[in-house]
Asks: 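Mind having a look at this structure? Questions to follow.
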Amino acid sequence: MSGQGRAGTDVLTFGETMVALRGSGPLRLGGTMQVSVAGAESNVAIGLSRLGHRVRWAGAVGDDEAGALVLRTLRAEGVDVAGAAADPDAPTGLILFEPRLPEVTRVHYYRAGSAGSRLRADAVERAFSAAPPRVLHLTGITPALGPDPLSASRHALQLARQHGALVCLDVNFRSRLWTAERAAAVLREWVPSVDVLIASEDELSLCLPPAEQDAERAAQADPVAALAAQAAPLLARGVGEVVVKRGPAGATAFTGDGSLHRPARPVRAVDAVGAGDAFVAGYLSALLDGADLEERLERAVTTGAFAVASPGDWEGAPTRAELGLLGAPPGTVVR
């Protein structure tokens, strides 16, 4: 991969990390809440750090107690936050998780006007200058936050090309942040700059021109054929790997040499929130290790399973030594 063997930062990522409050039931009934932090990019950063990689997070928080919690948590997890900014004029964002049914959780965002929505390109410039990364990891969440984060993301893509960094994009579409039309306009612009594109089955179409979406719909009778039809034009535009997260069905990756599927690891589901980010962390970890496609998918579905089996966004992320625990028989006690 581009930049392999370079000393310094393995992965650079940035975006908005918020204070997370998790209720035990309907919010309107009150009760206690657990306090943590949450953000797609920082979830990936923590997952990679636990697996032994050097990760830098260059997001923005408010110059407030909530922002201090975000930075303290990331530092405690071994993530480099030297490039992070504390905005004195905007608050740290807030996210509320409301478990409504055993397998249904509602998420409420309070991020309008937050420090993360004011993240500027100069912060990304400083992060690259301090330690050019082997991999730049972006999500489709950051550009949806506002014009400044969108400009910062575009500038990061330019810097990645200049420094020879591999670019990983997790589509991570959030309908509460922007429309599918706006997301598609940005994502289609970015596709030629992306080396590894990661998306769920319903997100791939956002990266495709309308004519190619029509071709994909013609193959809907065969889900695998439909995914292949979507991946082909993305590969033709220069994407090296298209990795599709398929939830309980596992994951399928497409490259110029063909496709490969890995089933999900069977676990008792506790909380699906953060599973996609854990999957990305596992995939990038194996990629940084120089593993082949089969090993990358295997580590990704393993780290994703850890997330599903644990409450919270990132709390259940495994260390490298723990990756084999999923193969232990039920009732195993590790002494």
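Position 1 is the first residue of the sequence, and the numbers go up from there. Heavy atoms only: backbone and side chains are in, while hydrogens, waters and symmetry mates are out.
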Asks: Hey, does the side chain of T303 reach the backbone of A300 with a donor-acceptor pair shorter than 3.5 angstrom?
Replies: yes
Asks: What's the separation between atom CD in E322 and atom CZ in R50, rounded to the nearest 0.5 Å?
Replies: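 If we round to the nearest 0.5 Å, E322:CD and R50:CZ are 8.0 Å apart.
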Asks: Hey, quick one: are V196 and V135 part of the same hydrophobic cluster, counting side-chain heavy atoms closer than 4.5 Å, chains of contacts allowed?
Replies: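 V196 clusters together with V135.
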Asks: Checking S285 side chain against A281 main chain: does a donor-acceptor pair fall under 3.5 Å?
Replies: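 No.
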Asks: Taking E98 as the fixed residue, which of R22, R106, R28 is the one that meets the side-chain hydrogen bond (donor to acceptor under 3.5 Å, both in side chains) rule?
Replies: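 Exactly one candidate clears the test, R106.
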Asks: Any donor and acceptor pair, going by atom type alone, linking the side chain of R134 with main-chain N or O of L288 inside 3.5 Å?
Replies: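 At least one qualifying donor-acceptor pair exists.
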Asks: Please tell me whether V186 and V171 are part of a single hydrophobic cluster in this structure, the criterion being side-chain heavy atoms less than 4.5 Å apart.
Replies: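 Yes; tracing contacts between hydrophobic side chains, which count when under 4.5 Å, links both residues.
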Asks: In Å and rounded to the nearest 0.5 Å, what is the CG to OG distance from L119 to S153?
Replies: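 L119 atom CG to S153 atom OG measures 7.5 Å (nearest 0.5 Å).
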Asks: So with a 6.0 Å cut-off around CD of E189, is the heavy-atom count from everything else above 12?
Replies: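 Yes, because the 6.0 Å sphere around CD of E189 holds more than 12 heavy atoms from other groups.
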Asks: I'd like to know if the side chain of D80 reaches the main chain of A82, judged simply by a donor and an acceptor atom lying under 3.5 Å from each other, with no hydrogens or angles considered.
Replies: yes
Asks: With ILVMFWY side chains joined below 4.5 Å, transitively, what does V224's cluster contain besides itself?
Replies: none
Asks: Take T73 and L69 through the test side chain to side chain contact (heavy atoms under 4.5 Å, CB included) and record every step on the way to the result.
Replies: CA-CA 6 Å; T73 301; L69 173 62; 3.7 Å; yes
Asks: Please determine whether the number of non-hydrogen atoms from other residues, nucleotides or ligands lying under 6.0 Å from atom CZ of R72 exceeds 12.
Replies: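 It does not: R72 CZ has 12 such atoms or fewer within range.
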Asks: Working note: Y109 + M18, criterion side chain to side chain contact (heavy atoms under 4.5 Å, CB included); need CA distance, chi angles, decisive distance, verdict.
Replies: CA-CA 9 Å; Y109 296 107; M18 300 161 284; 4.3 Å; yes
Asks: Supply the atom-to-atom distance H108 NE2 to L96 CG, rounded to the nearest 0.5 angstrom.
Replies: 6.5 Å
Asks: If I take atom CD from residue E181 and atom CG from residue L206, how far apart are they, to the nearest 0.5 angstrom?
Replies: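 So the CD of E181 and the CG of L206 are separated by 9.0 Å.
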Asks: Taking only residues two or more places apart in sequence or in another chain, which ones pass side-chain hydrogen bond (donor to acceptor under 3.5 Å, both in side chains) with D277?
Replies: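 In terms of side-chain hydrogen bond (donor to acceptor under 3.5 Å, both in side chains), with neighbours along the sequence ignored, D277 is linked to N43.
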Asks: If you measure only the distance, is there a donor-acceptor pair under 3.5 Å linking the side chains of H155 and R120?
Replies: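 No, no side-chain donor-acceptor contact under 3.5 Å.
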Asks: Is any side-chain heavy atom of V280 less than 4.5 Å from a side-chain heavy atom of T139?
Replies: no
Asks: In Å and rounded to the nearest 0.5 Å, what is the OG1 to CD distance from T302 to E295?
Replies: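 The distance works out to 11.5 Å.
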Asks: Looking at E41 and W57, would you say the former's side chain and the latter's main chain have a donor-acceptor pair under 3.5 Å?
Replies: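 Here the side-chain-to-backbone pair does not exist.
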Asks: List the residues meeting salt bridge (Lys or Arg N to Asp or Glu O under 4.0 Å) with E315, not counting sequence neighbours, and say none if there are none.
Replies: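 Testing E315 for salt bridge (Lys or Arg N to Asp or Glu O under 4.0 Å), a comparison that skips the adjacent residues, returns none.
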Asks: Looking at G146, is its backbone amide N or carbonyl O close enough to the side chain of S117 to form a donor-acceptor pair, meaning the two atoms are under 3.5 Å apart?
Replies: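 Looks like no, no N/O pair under 3.5 Å.
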Asks: Is the side chain of S151 donor-acceptor paired with the backbone N or O of A121 at a distance under 3.5 Å, no angle test?
Replies: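 Flag not set: sc S151 to bb A121 has no pair under 3.5 Å.
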Asks: Does the side chain of E241 pick up a donor-acceptor pair with the side chain of Y283 at under 3.5 Å?
Replies: yes
Asks: Counting only N and O atoms by type, is there a donor-acceptor contact under 3.5 Å from the side chain of R299 to the main-chain atoms of A291?
Replies: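 Not a single qualifying donor-acceptor pair exists.
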Asks: Please determine whether side chain to side chain contact (heavy atoms under 4.5 Å, CB included) holds for the pair F128 and Q162, giving the CA-CA distance in whole Å, both sets of side-chain angles, and the decisive distance to 0.1 Å.
Replies: CA-CA 10 Å; F128 263 93; Q162 293 172 18; over 6 Å; no
Asks: Please examine the side chains of P133 and V11, heavy atoms only from C-beta on, and report whether any two atoms are closer than 4.5 Å.
Replies: no
Asks: Given 3.5 Å as the limit, does a donor-acceptor pair link the side chain of H137 with the main chain of V167, or not?
Replies: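 A pair under 3.5 Å: no.
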